[in-house]
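Working notes, beginning with the structure itself.
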Amino acid sequence: MAEKGKKKTTDVEIEPEFFCPVNELAVSEKIKDFYIRSGITSLYPPQSKAVFAGLLDNKNVMISIPTASGKTLLAELAMLKSIESGGKALYIVPLRALASEKFRRFSGFSELDVKTGISTGDLDAADEYLGANDIIVATSEKVDSLIRNETRWLQHISVVILDEVHLINSPDRGPTLEIIITKLRRMNPDMQMIALSATIQNSEEVAEWLNASHVVSGWRPTKLYEGVYYDGVYKAKVQKPAFDLKKIAKKPKTVKKSEKEAGKEKPEENTHSGFDSENGLEKEIKQIYIGKVPEAAVSLVADTISGGGQCLVFESSRKNAVGFAKKAASVIFSLLNPAEKETLSKIATEILEGSDTDVAVVLANCVLHGAAFHHAGLSAEQREIVETSFLAGKIKMISSTPTLAAGLNLPARRVIIRSWRRYDSDSGMQPIPVMEYKQMAGRAGRPHLDPYGESVLIAAKEDDVEMLTEKFIEAPPENIESKLGAENMIRTHVLSTIANGFANTREELLEFFKGTFFAHQRGLMSTIALSTIIDKCLDFLIENEMSQEKRKNINGSESSSSSSSSSDLGPQSPFQTADKLSKSYTNLGGRSDAVLAPTTLGTLVSKLYIDPLSATTLLDGILKSKSCGKEPSVIGLLHLVCKAPDMKLLYMKSSDYEWVQEFIADNTEHFISVPKTTNPAEYEWFMGEVKTAVLLYRWISEVSENDISKEFDVGEGDIRNFSETASWMANAASRLCQLCGFKEEVVSLSDLELRLQYGASVDLLSLLKIRGIGRIRARKLYNAGFKSKDRLQKSDYVTVAGLVGPKVAEQIYKEIGMTPDPEALKSQKSRKGRSKSLQSEGLPAKIMDTDLGRTVPASASESEKFKTETEAKEPKRTQRRFDEFF
Ligand SMILES: Nc1ncnc2c1ncn2[C@@H]1O[C@H](COP(=O)(O)OP(=O)(O)OP(=O)(O)O)[C@@H](O)[C@H]1O
């Protein structure tokens, strides 16, 4: 067992079939009872291994075990044990969707008097109120921002769970994950760290970095067959055979009960025809023809559903995911019974009630047939409906982009990886990484949800069968590699490291970065690379007045080496050195004669959680427009927001060039700066910024989400993502202007922030400031003459309730300090009851398949006619001219 401070990690070896009984664990009786009552009476062998490695003894443990082998339970035990001893747990996940899933699960600990909170809100808030919880679930970005905002409860964290730690390998998320791990370790060296990962090749390296015991295992509770389908035959292997649960003496007895409670009877294991539990299986699949050709994936889906299972199909793009759901829909529908069809029609109605976009209509249509698609372009509500309906066994198949591969516990008997290549802008179509394949395959056969799992790769020709087997099924997953070594990744972390007092000199900065996985992995070589990048970042920060380097003179006084003078910005310049920051965080103390300190600007930028380059871009833009003596227009500000590197941009398609160029030509005077066309790369980038700014303009002009979706070929989820990030940038710009004393800009940017948040025109601003009023309700109230809070205060309750519904009306009245007349309240409630019962049937008579431009019957009998082969037509683009936007 490894102890903290010891360099060498230990790979824990115990009897492979040891199922540690829960009642022998070193936790309280209360915790043991809790699990035994829920049907978990013994730990799986890899879990037992982790306990032996010190999981319950406050030891750091790196756990690299297969998908579905119960990593979450290990995290739970470590957290509950630590909380029992008066500690607090932080559970770090890569995605918001996973945070919600874990939050829901851990909320069940209220039975044990353990409180759980979730921190996914604004990235510049300290969320001190969450300190009242015992477990806090947060994404890595949120934890980074909490550290920057010096959230006090972080110092009381006794155990940190690093879920999906292999994402250190991700170019987007990895660097932040590494940095927060490094910071948390410095803040509290006694903190226990539990790192959870799928099987990766170099997990030992991560364990060494974390000074952790290394638990590695190939054991899986349900058998996972991994194979290839070709020409009507599926041939599969069992990579690492699971133990036969029936043969194991300490098999949990109550498992079946929990399965029944979940509405699932567990079929007998290995009764499926064609199984050869020793060597894998070979199975003929009935081929289904679409037109004159057999459709492999549709045949596999139909085969799974006929056998009582559900299917996940992974596609390489959103378009393919939607296309396959449509293609498989009618076949799936033919396998459903009337009760299932009835249930599905209710789910389809729910989707349509939440949104009227074309995407929602296509999704509802697919769901009506038992199929669904899932990608980041769907709204959070749509994704949730799809996931929960699949989990409940109602939707039979989801075709998804890889978004579903990470960590969600879904009941897929069979996973079909339809596209094993993905487009890469540098190198064209490339095979997906083995690690990603394993994550996808691992969604199949989840304990308690399915008796076994099958993953299927589809071979286009006979030769591909061997190639796919070697490339994916038999191949070891890749090593994970730190992605921290780039200037644009480190810049923001150099600033926050100085701003939070983790380093006060260049040497200390280097020392800090030597604690990262990047340095651990690269060894001595990293020192040179890191010091060069750190110097570059520091030069940038000093030049842009976010940090100062003060040299101590012989007499002890300080002289600043900040390259530009704060007086450049006029008399009310905010850029003075910040007061000494509270040293609540670890401070190594100066070792050099040159002391680094953040300026007020640097401190603000760090807390705002924006890239320092975004800050300079926003400030430069504002200063430039000020120097021209005119206030920037809304489209000018939107473009500025899109220029910030934190903002994700829309891609330019070949059909975009003409209208974007025309738009730029018509509106040149509104842009704060326009690059020269002689610099094609820069101009191309500029066009992407303009295209994105135009989308945002449409959004804040109350253009419907459906129209925006069609016009820009994006999903509702994308519109929300763009508007959310733009709103965050507008907020950052407004706070920067506040610091500079630019009052007019503060007002216009704050208004823009609110408009972006809600997708609303300027006339709705007054109403949007009242809690409970969004863009639709604000528009209804505005059009009825209630244009402001004052006007609402003079309204009569019945009229307002008639417009927004009694519940919201009540809430609005509370917000504006009014009390509705009790008689009016009563009459409204009875009216609502009546209308609800009239609508209770819920099933729309017809829903439009707008992709096909024709109506699809919602009634079960006619639905087989639903055909899906047509591609979406190129949306007719309205010409964007100046008048349309201002
Ligand atoms: N010892 C156990 N006995 C019975 N069921 C268990 C045990 N441990 C975990 N489970 C159940 O196994 C299922 C899979 O667990 P979990 O989701 O934690 O796996 P995982 O290793 O995190 O998977 P992945 O990496 O694929 O997300 C859950 O339903 C969980 O409740």
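Just follow the structure's listing: the first ligand is 1, and inside any ligand the first atom is 1. Just so it is clear, the values below take in all heavy atoms, side chains as well, and ignore hydrogens, waters and symmetry mates.
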Inset, instruction - Run the numbers for me: atoms of ligand 1, each under 4.0 Å from some heavy atom of Arg443, listed by number. - result: 24 (P), 26 (O), 27 (O)

Inset, instruction - Would you mind listing every ring pair (Phe, Tyr, Trp, His ring centres under 6.0 Å) that reaches into residues 382-404, with sequence neighbours excluded? - result: none

Legend entry - Sub-4.0 Å heavy-atom approach of Gln439 to ligand 1: no

Legend entry - Donor-acceptor pair between Ser158 and Ser82 side chains, under 3.5 angstrom: yes

Inset, instruction - Take every heavy atom of Gly39, measure it against each atom of ligand 1, and state whether any distance is under 4.0 Å. - result: no

Legend entry - N or O contact, Glu164 vs ligand 1, cut-off under 3.5 Å: no

Inset, instruction - Heavy-atom contacts with Ser42 under 4.0 Å: which atoms of ligand 1 show up? List them by number with element. - result: 1 (N), 2 (C), 3 (N)

Legend entry - Under 4.0 Å to a heavy atom of Gln47 - the qualifying atoms of ligand 1, by number: 1 (N), 2 (C), 7 (C), 8 (N), 9 (C)

Inset, instruction - Using modelled atom types only, decide if a donor and an acceptor are shared between the side chain of Lys71 and the backbone of Ser69 within a distance under 3.5 Å. - result: no

Inset, instruction - Hey, could you give me the CD1/NZ distance between Ile432 and Lys471, rounded to the nearest 0.5 Å? - result: 11.0 Å

Inset, instruction - Give a yes/no verdict on whether any heavy atom in Gly442 is under 4.0 Å from an atom of ligand 1. - result: no

Legend entry - Tyr44 N/O to ligand 1 N/O under 3.5 Å: yes

Inset, instruction - Could you pull out all residues at least two apart from Lys88 that satisfy side-chain contact (heavy atoms from CB on, under 4.5 Å)? - result: Ile136, Trp153, His156, Ile157

Inset, instruction - Dump the intermediate steps for salt bridge (charged side-chain N to carboxylate O under 4.0 Å, His left out) on Glu340 and Lys396, then the final yes or no. - result: CA-CA 10 Å; Glu340 286 173 325; Lys396 304 294 175 190; 3.0 Å; yes

Inset, instruction - Would you mind listing which atoms of ligand 1 come within a distance below 4.0 Å of any non-hydrogen atom of Gly70? - result: 9 (C), 15 (O), 16 (P), 18 (O), 19 (O), 20 (P), 21 (O)

Inset, instruction - Determine the interplanar angle of the Phe18 and Phe52 rings, folded into 0 to 90°, and report it as parallel if under 30°, tilted if 30 to 60°, perpendicular if over 60°. - result: perpendicular

